Each structure stands twice: as C-alpha cells, then as structure tokens.
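Report on the structure given below.
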Amino acid sequence: MTDTTTEPSPADAASLHAPVIAWFDEHARDLPWRRPEAGAWGVMVSEFMLQQTPVSRVLPVYEQWLARWPRPADLAAEAPGEAVRAWGRLGYPRRALRLHGAAQAITERHSGDVPSDHGQLLALPGIGEYTAAAVASFAYGQRHAVLDTNVRRVFARAAGGVQYPPTATTAAERKLARALLPDDEETASRWAAASMELGALVCTARGEDCTRCPIAAQCAWRLAGKPAHEGPARRGQTYAGTDRQVRGKLLAVLRDARTPVPQSALDAVWNDPVQRARALDGLVADGLVEPLADGLYRLPG
DNA sequence: AAGGCGTGGCT
DNA sequence: TAGCCAAGCCT
C-alpha cells in the first residue's frame, strides 16, 4: 500500500515545472539584468546589489554602475573608495568592496571575463553558494540549484507544507532543490528564475496571494489550511543604537565628501565617543575607511 | 554556527 | 508604532 499523503513523488515534482515556467513567461518583470545585453557582468553586478536589498532600490544604482563600469576591468582600474561611493545608500557597503575585489580578480585571473565555472565563481570575494549558482544559471544557462530566500520559501510551502523555511539552509533543503531541478540545462535555468520570481511576486513572506499562484492546487501548505509558523520568531534585526547605525552615519559623511574629512566632522555624527571610536576602527579594519596623517579620513584610495 | 553587517519601505 | 522584511556573505 502506497502512502499518498506526505512527500511529493518525483512525478509531482516534475508537474511543478510547467505551470511555474508558464506563469513566469507571462508575468516575469522586465528587469535590466535579465536582458541579453546585460551579459554576465551585468548579472553579477545585479546579484551583488540584490543581496539583502530590494529590486526597487537597486535599479537606479545598477544603471549608473553599468554605465560607468561596463566591464570588470573598468571597475578594477578604479580606487576601491569610488566603488563604495557609487554604492550609495544600498547598504552593506562591504559588498561594494568585495565587488571591486572580484572585478580585480576577474581581470587578473580570468582575462577580464566573468568565469562560467561554479567553483571559480565561488572563489571570488563576495560570492557564496547562492550567487555562484545564480550567475552560472542566469548568465550562462547552466543547471544549478539556486536556493535563495524566495525559492526556499516556495519550497517550504509547496513541498514542506510549512509557512517558512528554517533559519539557516539545511541539507534537506539542498537535497530537495536538487531533486526538483529539471534535467536539461535550458529548463533548469528557466525553472530557477521562475521559482525565484514566484516567491518574489506571489508567494511572499507576508500577504501571499494564492489566487495568483500557478501551483496553488498542489501546494502542501495551502492544502493543509496554511498553518501559521511554529516555534520561536526569527531573530529580529535591531538597528537603532547599534554599531551598524554608527558605521552608516560615519560612512555617509565620507561618501558625501570629495576631500578628506577631519576627525571633528566624524565626531559630530554620534555623541558616544567610545562607540564612535569602535565603529570607526571597525570601518578601518574592514578597509572601508582609510586614515591619513593629521587626523584626516577618506574612503580607501 | 550564530551573529555582525545598512538602509528604507511596509504593515 | 515597532517590528518585519528584502536575489547573502563571512568569520
């Protein structure tokens, strides 16, 4: 006697591909990094910027960035501080530094071309498991499990029957993602983009709209009555009063200054001298700020 | 492996 | 309002 009530069978898995990809064909956003002229460099830049930052905020910075540095070598030739300045208010400015470092590595080690090999991508600064798979899949059409927060949520619901995926990516999630991956490259890369877009537009963290979902009829979570998340709430990101906030204020001063700024200008952004000094030291240690002689500071040259 | 790391919009 | 959330990476 066969159990038909729990894990989806391989047949079920395959039956997800067609409706999700058909939905994607109809509803995919026309994003600049999805256009053919973006190239692998455009895809890579977008992936760096999209790490923890919404599409709407990335769009203008992406356009400026690609216009100014159309190839990795163009960025590699700049001072790292220019990358940090051009990053603007996207947040997590270490990403700008890492993207600059990746451009240098690409220029030196890969003749200026974004590598297509997953392992070579993974070796670049700022590129982890997700971004390596995303670039290889989106830019080069390869077959990779692309597990971002959107895909993890879609899988948690459709296959796992729960509202949210675990806090950290588990081996079980990777296994499921590989099992769900279509066999041929073309379909696999399409599936990766489509399942991600479904999570971004329809199967969202809050306010999901199952009436627009192409796989609602097969979704384990919906079929179970959409039970609420069990267990502890996910760790909240406190921000007010943290070193992160101070770092942000300090860096904003340096971004907006075209010449080195005196210590006094930095002192003005935060009244606790101990925390202020700790934040500044951290920025220097991270390579985001360069101390000069005479108590002057600037973005790294 | 848990926590640090920006910023802003939305509920 | 005060969280919650957004195509993660690194140590």
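Predicted model, so just to flag it, every value in this text is computed and none were measured. Note on naming: letters A, B, ... go to the chains in the order of the sequence lines (proteins, then strands), and numbering restarts at 1 for each one.
- Taking atom C1' on both B:dA1 and C:dA6, the two are 23 Å apart, rounded to the nearest angstrom.
- Residue A:Gln245 is classed as having no contact, given no heavy-atom separation below 4.0 Å to the nucleic acid.
- Residues satisfying the ring-ring contact (aromatic ring centres under 6.0 Å, His included) test with A:Tyr140, not counting sequence neighbours, are none.
- To the nearest angstrom, C1' of B:dG4 lies 14 Å from CZ of A:Arg95.
- A:Thr204 comes within 4.0 angstrom of nothing in the nucleic acid, heavy atoms only.
- Taking 4.0 angstrom as the limit, A:Arg255 places a side-chain polar atom (N or O) nearer than this to OP1 or OP2 of B:dT7.
- The nearest whole Å value for the distance from the CZ atom in A:Arg174 to the C1' atom in C:dG8 is 13 Å.
- Between the side chain of A:Asp294 and the main chain of A:Leu296, no donor-acceptor pair closer than 3.5 Å is present.
- Taking only side-chain nitrogens and oxygens, A:Arg94 never comes nearer than 4.0 Å to OP1 or OP2 of C:dC10.
- Other residues, nucleotides and ligands contribute more than 12 heavy atoms inside 6.0 Å of the CZ atom of A:Arg255.
- For C:dA7, the base is syn relative to its sugar; the glycosidic angle is within 90° of 0.
- Atom pair A:Asp256:CG and B:dT7:P shows a separation of 11 Å (rounding to whole Å applied).
- Nucleotides B:dA2 and C:dA7 are separated by 22 Å at their C1' atoms, to the nearest Å.
- One interatomic measurement links the two molecules: CE of A:Met44 to P of C:dG8, which rounds to 16 Å at whole-angstrom precision.
- Taking atom CG of A:Leu59 as the reference point, atom P of C:dA7 lies 14 Å away to the nearest angstrom.
- Residue contacts shown for A:Trp33 include a base, since a base heavy atom lies under 4.0 Å away.
- Residue-to-nucleotide contacts include a donor-acceptor pair under 3.5 Å from the side chain of A:Arg57 to the base of B:dT7.
- Taking the six-membered ring where tryptophan is involved, the planes of A:His118 and A:His144 are essentially parallel, since the angle between them stays under 30° and well short of 60°.
- Listed by first and then second residue, the salt bridge (charged side-chain N to carboxylate O under 4.0 Å, His left out) pairs involving residues 17-41 of chain A are A:Asp25-A:Arg190, A:Arg29-A:Glu197, A:Asp30-A:Arg35, A:Arg34-A:Glu197, A:Arg35-A:Glu37 (not counting sequence neighbours).
- For the P atoms, the distance linking B:dG6 with C:dT11 amounts to 14 Å, nearest Å.
- A:Arg152 contributes atom CZ, which lies 13.0 Å from atom OH of A:Tyr164 (distance to the nearest 0.5 angstrom).
- Regarding contacts with the backbone of C:dA7, every side-chain N or O of A:Gln51 stays at 4.0 angstrom or more from both OP1 and OP2.
- Using Watson-Crick or G-U wobble geometry with both donor-acceptor distances under 3.5 Å, C:dA7 finds no partner in any strand shown.
- Within the nucleic acid shown, A:Leu288 has no heavy atom closer than 4.0 Å to any nucleic acid atom.
- As judged by a 4.0 angstrom heavy-atom cut-off over every strand, A:Leu90 is placed among the base-contacting residues.
- Side chain A:Thr53 to base B:dG6: a donor-acceptor pair is found below 3.5 Å.
- Put simply, CG on A:Leu251 is 7 Å from P on B:dT7, counting in whole angstrom units.
- Checking C:dA7, C:dA6, B:dC5 against the side-chain heavy atoms of A:Asp243 singles out B:dC5 as nearest.
- At distances below 3.5 Å, at least one donor-acceptor pair connects side-chain atoms of A:Arg157 with backbone N or O atoms of A:Gln163.
- Rounded to an integer number of Å, the gap from CH2 of A:Trp87 to C1' of C:dC9 is 12 Å.
- We find that CG of A:Asp209 is positioned 13 Å from P of B:dT11, with the value rounded to whole Å.
- Between A:Arg206 and A:Ile127, the one whose closest nucleotide on DNA chain C sits nearer the 5' end is A:Arg206.
- In this model, the phosphate group of B:dG8 is not approached by any side-chain N or O of A:Arg244 to a distance below 4.0 Å at OP1 or OP2.
- Not one side-chain nitrogen or oxygen of A:Tyr239 sits closer than 4.0 Å to the OP1 or OP2 atom of B:dG6.
- Nearest-nucleotide assignment on DNA chain C puts the 5′-proximal partner with A:Val55, out of A:Val55 and A:Arg98.
- Checked against B:dC10, B:dG6, C:dA6, the side chain of A:Pro93 finds its nearest nucleotide in B:dG6.
- Here A:Arg247 lies in heavy-atom contact (under 4.0 Å) with sugar-phosphate atoms only.
- Using a 4.0 Å heavy-atom criterion, one finds that A:Arg29 contacts the bases of the nucleic acid, with or without backbone contacts as well.
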